[in-house]
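First the proteins, then the strands, lettered A, B, ... as listed; each starts at 1.
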Number of protein chains: 2
Amino acid sequence: MGLTRSEIFTDEQNKLSTLLKAIAHPARIAILQRIIISNTCICGDLVGELGLAQATISQHLKELKTVGIIQGTIEGVSVCYCINPKTWKLLEDQLGAFLGSYKGETTCC
Amino acid sequence: MGLTRSEIFTDEQNKLSTLLKAIAHPARIAILQRIIISNTCICGDLVGELGLAQATISQHLKELKTVGIIQGTIEGVSVCYCINPKTWKLLEDQLGAFLGSYKGETTCC
DNA sequence: ATTTTATATCGCAATATTACGATGTTTGTT
DNA sequence: AACAAACATCGTAATATTGCGATATAAAAT
């Protein structure tokens, strides 16, 4: 016990939950918002702005990168992070389909 | 350490991450899909269908109820669960605004 | 070559999540 | 009243997450 029993769910359900889990943290939401807002690619700017330690930010970035939501390019000494359009679209589509499947008929309760 | 430092984030970021965390689990996605699909309100049907123990299902339902995504009405011996339209809309709006804020300009990386 | 700057990784402590058996509670049935 | 059915809650074990100091790594500047 203690670990999610992924075998009993569909690939879609597992995939969607993985993407959702990646963005289900205020720090990672803040990081993504910051990346989206600045048209120039930020990097360690986040450390000064978010109020979390450098190691913590780096770890959150890694999690976002692991599931493919962002991608990082080495730019001299620093690293340039940006949204991975493909994964972002996938998330929008999957989530849109899921959330949109409820039509709010209130046939119940 | 070990606990999210919510104080340093905005209420919107915290609220959204709370809602996202609630749906960021394959079992809870499956439960929500099942609730949406059946126009009649299911309850313990989930236990037989999902392959998780009754205590586990009940716990997942509680989590969804706690953040307000579903609501339960006692219906005799069983409990009728359904989507809370208000929270569902909130989630759609907040998430739509967040995901939609990225326009995929690829000005970067 | 050494130092500085920027980021990543390691290791750890605190806390949270997941899952489930066992037990409690509530309502309907006999 | 006693019993059964449907859920909820408790307690617990296994695992995951969060955060950070310390340390490693890699590129640029001196």
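Atom NE2 in B/H25 sits roughly 17 Å away from atom P in C/dA16 (whole-Å rounding). Between the CG atom of B/L50 and the C1' atom of D/dC7 there is a distance of 16 Å, rounded to whole Å. Regarding B/I23, its CD1 atom lies at a distance of 15 Å from the P atom of C/dT17, rounded to whole Å. Taking atom CD on A/Q59 and atom P on C/dA6, their separation rounds to 21 Å, with Å as the unit. Rounded to an integer number of Å, the gap from B/I31 CD1 to D/dC7 C1' is 13 Å. Here C/dA16 presents its P atom at 17 Å from NZ of A/K21, a figure rounded to the nearest Å. Per the geometry, CZ belonging to A/F9 stands 6 Å off P belonging to C/dA19, to the nearest Å. Protein atom CD1 of B/I74 is 9 Å distant from nucleotide atom C1' of D/dC7, rounded to whole Å.
Under the 30°/60° scheme for interplanar angles, the aromatic rings of B/H25 and A/F9 are found to stand perpendicular.
Under the 3.5 Å distance criterion, the side-chain polar atoms of B/N84 are left unmatched by any main-chain donor or acceptor of B/Q71.
Both A/L61 and A/R5 sit near DNA chain C, but only A/L61 has its closest nucleotide nearer the 5' end. If B/I42 and A/T56 are placed on DNA chain D by their nearest nucleotide, the residue sitting closer to the 5' end is B/I42.
Base engagement by B/S58 is indicated by at least one non-hydrogen atom pair under 4.0 Å involving a base atom. Within the nucleic acid shown, A/S78 comes within 4.0 Å of sugar-phosphate atoms alone, with no base atom in reach, counting heavy atoms only. When heavy atoms are screened at a 4.0 angstrom cut-off, B/V77 is found touching base atoms of the nucleic acid. Using a 4.0 Å heavy-atom cutoff across all strands shown, A/A53 reaches sugar-phosphate atoms only and no base atom. Among the heavy atoms of the strands lying under 4.0 Å from B/L52 are primed sugar atoms or P, OP1, OP2 only; no base atom is included.
Between B/H60 and C/dA19 there is a side-chain polar atom (N or O) within less than 4.0 angstrom of OP1 or OP2. An OP1 or OP2 oxygen of C/dA8 is reached within less than 4.0 angstrom by a side-chain nitrogen or oxygen of A/Y81.
Rounding to the nearest 0.5 angstrom, the gap separating the CD atom in A/Q33 from the CZ atom in A/R28 is 13.5 Å.
With a 4.5 Å cut-off on side-chain heavy atoms, B/K15 and B/L90 count as touching.
Put simply, the side chain of B/Q54 and the base of D/dA6 share no donor and acceptor less than 3.5 Å apart.
The same ILVMFWY cluster, assembled from side-chain heavy atoms under 4.5 Å apart, contains both B/L95 and B/Y102.
The side chain of B/V79 lies closest to D/dA8, out of D/dG19, D/dA8, C/dT18.
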